[in-house]
Q: 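Here it is, the structure in full.
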Amino acid sequence: MVIDEEILYQMGATIENYNVSDFIFCENNIPSYYYQIAVGEVKLNNYNEEGKEIIQTILESGESIGESLLFMDKPYPINAVALTACVIIKLSKSSFFLLLKKYPEISLDMNRCISQSLYFKFIMTQNICSQNPVSKLKTLMDYLKSFEIEKSPFSFQIPLTRQQMASLTGLCVETTIRTIKAMERNNMVKICNRKILY
DNA sequence: TCATTAAAGTTAT
DNA sequence: ATAACTTTAATGA
């Protein structure tokens, strides 16, 4: 968890509930709140000219949403959409900065947090430029698995749909499916009732 | 080779 | 039931 929920409430944070596919904020909105997920999953996305969805990242409980934008004066370049029913803690920008002043340790945590998402971005942009779909998907799965304690092969069930994997890597779903099947044939993954084990 | 289109089967709501 | 996801196959850049 990025910031202790009690501290957020002390600073005047409120709770918001969202249903699946509700927008928490939209592209071009002015960032004016700090958002932290108490329960649920959220994706940050864009739509390209053809209307194809590009998922920038998927966030889960305890993570903050688009916090890096609070430190500058630009509108959001992405949408934040609930993937599940969500409970989200919301704190005004001004209170958020008061909080950072009051708790320097949290300010440091915030830096760690932004570094983490920047790290993911570095890996994924490099990835998106690579041509080969196997390496795109492998890079994504390696990243996801890197947070797991259990490192043995096929111990990790990918918590994404093929559609989401496609939107994260810039591939089309069909190519994602075919590539995953080819990877199964090469013993890089296992597929157990449609779930991908890596 | 990969994207696109279409069609059909499967799962989740 | 209906929508969302998964899969296969054909075709074209």
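Order of the sequence lines sets the chain letters (A, B, ...), proteins ahead of strands, with each chain counted from 1. Not measured: the values here are computed from a predicted model.
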Q: Here's one to test your reading of the geometry: is the NZ or CZ of A:Lys145 within 45 degrees of the ring axis of A:Phe156 and under 6.0 Å from its centre?
A: no

Q: Under 4.0 Å from any heavy atom of chain A: name the first and the last nucleotide of DNA chain B that qualifies, 5' to 3'.
A: B:dC2 to B:dT11

Q: A:Asp142: what forms a salt bridge (Lys or Arg N to Asp or Glu O under 4.0 Å) with it, not counting sequence neighbours?
A: A:Lys138

Q: May I have the list of side-chain donor-acceptor pairs in residues 102-115 of chain A shorter than 3.5 Å, sequence neighbours left out?
A:
{"residue": "A:Asp109", "atom": "OD1", "partner": "A:Arg112", "partner atom": "NH1", "Å": "2.3"}
{"residue": "A:Asn111", "atom": "ND2", "partner": "A:Ser107", "partner atom": "O", "Å": "3.0"}
{"residue": "A:Ser115", "atom": "OG", "partner": "A:Asn111", "partner atom": "O", "Å": "3.0"}

Q: Considering only residues two or more places apart or on different chains, which pairs with a residue in residues 169-189 of chain A satisfy side-chain hydrogen bond (donor to acceptor under 3.5 Å, both in side chains)?
A: none

Q: Just by protein heavy atoms under 4.0 Å, how would nucleotides 1-13 of chain C read 5' to 3' in B, S and -?
A: ----SSBBB----

Q: Give a yes or no on whether the ring-centroid distance for A:Tyr33 and A:Phe25 is below 6.0 angstrom.
A: no

Q: Within a reach of under 6.0 Å around CZ of A:Phe122, are more than 12 heavy atoms found that belong to other residues, nucleotides or ligands?
A: no

Q: By side chain to side chain donor-acceptor pair (under 3.5 Å), which residues pair with A:Ser155, not counting sequence neighbours?
A: none

